Enquirer: 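Before we start, here is the structure in question, set down as C-alpha cells.
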There are 2 protein chains.
Amino acid sequence: MKPGSKNGNISDVLIKKNIKPSYQRIKVFEYLLGTDSHPTVEQIYSDLVNEIPTLSKATIYNTLNLFEGAQLARVITIEENETRYDACIEEHGHFKCENCGKIYDFPVNLDNLVSGNGILENFKVNEKNIYFKGICSKCLNNKSNKQEGKNGTGK
Amino acid sequence: MKPGSKNGNISDVLIKKNIKPSYQRIKVFEYLLGTDSHPTVEQIYSDLVNEIPTLSKATIYNTLNLFEGAQLARVITIEENETRYDACIEEHGHFKCENCGKIYDFPVNLDNLVSGNGILENFKVNEKNIYFKGICSKCLNNKSNKQEGKNGTGK
DNA sequence: TATATATTTATAAAGATTATAATTTTGTAA
DNA sequence: TTACAAAATTATAATCTTTATAAATATATA
C-alpha cells in the first residue's frame with residue numbers, strides 16, 4: 001500500500017462525507033484507523049503534534065466532533081472525564097482492564113436483545129453501546145506481581 | 001411505611017456498609033431510591049438544597065463517590081460531561097431518548113454474552129454496562145409536533 | 001464536660017471542552 | 001499570477017465539571 005494511495009483513500013472517504021480533506025483531518029483519520037488503542041483527545045494530540053508542530057488541540061476537538069457527526073468515528077464513554085474515540089463503527093463491545101487500563105474490543109451481537117424486549121419494541125434504537133470492566137487475562141496472570149504497568153483510572 | 005422506619009431502614013443499609021448515616025447521606029440515598037430519573041449531580045444538589053439550605057455540592061460528590069465504592073449506587077456514563085447516578089445495582093440496560101432526554105431502564109441478561117465469547121473467557125468481568133440511544137415511543141408518537149419537551153443533549 | 005475524630009462546608013485548583021477572534025490556508029475568478 | 005472570498009486552523013479565553021484543601025461544624029467517646 002503506497003502512502004500516496006493510502007492518503008487518497010482517506011481523502012475519498014472524507015469527501016464522500018462532505019468533509020474537506022485538509023492535512024490535519026487526514027492525519028487524524030489516519031491515526032484513528034491505524035490504532036486499536038481507543039485514544040483520548042490528549043493522546044491523539046500529543047502523538048500528532050510531533051508531525052504537525054503547529055497543531056492545536058482545538059483542531060483535534062473540531063475534527064473529532066466533525067467525524068462523529070459524519071459517523072466516521074464514535075465516542076467511547078467508559079469512565080467519566082475520559083472521552084475516547086474509535087474509528088470503527090461496526091458493533092462491538094469494549095472491555096476496560098481496571099488494572100492496566102487497556103481497552104479491548106470484543107465481538108457482540110445485540111440484535112436479539114432488542115427484539116423480544118418489551119419496552120424497547122416501540123422505541124427507535126439508533127445506537128447500541130456495551131462495555132465491561134474487570135481484569136484482563138494478562139493482569140490476572142501477573143497478579144502475583146504487585147502492579148504490572150500503570151493503572152488506567154487516572155485518579 | 002412510616003417516615004421513621006424508612007429512615008431507620010436507610011440508616012441500617014448505610015451502617016451495614018460501614019458508612020456513618022449522617023443527615024446528608026441519608027437524604028442523598030433516600031433521594032436516589034425515590035427516583036428513577038437517573039439524576040445528575042446537579043439535579044440531586046438543586047433538589048436537595050431546598051431541604052438542606054447549607055448543603056454543599058462537594059458533599060454530593062463525596063457522598064456519591066462513597067456510595068459508589070460501597071456499591072450502593074452506580075455511575076451511568078452515557079454522554080460525556082453528564083455523569084448520572086442510579087441506586088439500583090441489579091443488571092439492566094439504559095435507553096436515552098435523543099429527543100426528550102429521558103433515560104429509561106430496560107431488562108437485560110448479559111450472562112450468555114460472556115460465556116462463549118472468546119476473548120472474555122479468560123477475563124474477570126466485574127461490571128457490565130449497556131446503553132442504547134434513539135427515540136422513545138412517546139416522542140415517536142409526537143413526531144408530528146415539532147419538539148415536545150426539552151431535549152437532553154445540553155449542548 | 002473535654003477531647004478527638006469524622007463530616008460538612010466554602011473556596012481554590014485542576015482538567016476537559018467549547019467559544020471567540022485573529023491568522024492562515026484554500027479555492028476561484030478576473 | 002493576483003485579488004478576493006470562504007473555510008480551516010490556531011491561540012486564547014471562557015465555561016463547566018470534578019477534585020483538593022483547609023476551616024468550621026457536628027458527632028462520639030472517655
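Just so it is clear: chains get the letters A, B, ... in the order the sequence lines come, proteins before strands, and each one is counted from 1. Nothing here was measured: the structure is a model prediction, and the numbers come from that model.
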Enquirer: How are the rings of Y104(A) and F123(B) set to each other: parallel, tilted or perpendicular (split at 30° and 60°)?
Expert: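 Correct class here is perpendicular.
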
Enquirer: I need the CG-C1' distance between L64(A) and dT18(C), as an integer number of Å.
Expert: 14 Å

Enquirer: Got a sec, which pairs hit salt bridge (Lys or Arg N to Asp or Glu O under 4.0 Å) with one end in residues 49-59 of chain B, sequence neighbours left out?
Expert: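 Only K27(B)-E51(B), E42(B)-K57(B) qualify under salt bridge (Lys or Arg N to Asp or Glu O under 4.0 Å).
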
Enquirer: Expressed as a whole number of angstroms, how long is the span from I60(A):CD1 to dA8(D):C1'?
Expert: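 These atoms are roughly 13 Å apart.
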
Enquirer: If the sugar-phosphate is the primed atoms plus P, OP1 and OP2 and the base is the rest, what is the B/S/- string for nucleotides 2-9 of chain C, using protein heavy atoms under 4.0 Å?
Expert: ----SSSB

Enquirer: In whole angstrom, give the distance that lies between atom CD1 of I26(A) and atom P of dA8(D).
Expert: 13 Å

Enquirer: So, using ring pair (Phe, Tyr, Trp, His ring centres under 6.0 Å) as the criterion, who are the partners of H94(A) when residues are at least two apart?
Expert: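 So H94(A) forms a ring pair (Phe, Tyr, Trp, His ring centres under 6.0 Å) with H38(A), H92(A).
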
Enquirer: Expressed as a whole number of angstroms, how long is the span from R84(A):CZ to dT17(C):P?
Expert: 12 Å

Enquirer: When the distance from CD of E42(B) to C1' of dT15(D) is rounded to whole Å, what number comes out?
Expert: 14 Å

Enquirer: Just jot down the side-chain hydrogen bond (donor to acceptor under 3.5 Å, both in side chains) partners of S56(B), sequence neighbours excluded, or say none.
Expert: none

Enquirer: Are OP1 or OP2 of dT19(D) and a side-chain N or O of N65(B) less than 4.0 angstrom apart?
Expert: yes

Enquirer: According to ring pair (Phe, Tyr, Trp, His ring centres under 6.0 Å), who are the partners of Y31(B), at least two apart in sequence or on a separate chain?
Expert: none

Enquirer: Nearest whole angstrom, please: distance from the C1' of dT18(C) to the NZ of K57(A).
Expert: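 In whole Å, dT18(C) C1' lies 14 Å from K57(A) NZ.
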
Enquirer: Nearest whole Å is fine: how far is dT27(D) C1' from I15(B) CD1?
Expert: 14 Å

Enquirer: Output all residues satisfying side-chain hydrogen bond (donor to acceptor under 3.5 Å, both in side chains) with N126(B), sequence neighbours left out; order by chain, then residue number.
Expert: E98(A), K124(B)

Enquirer: Give the rounded distance in Å between these two atoms: CD of E82(B) and P of dT17(D).
Expert: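 My rounded result for the distance is 10 Å.
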
Enquirer: At under 4.0 Å, does any side-chain N or O of Y61(B) touch on OP1 or OP2 of dT19(D)?
Expert: no

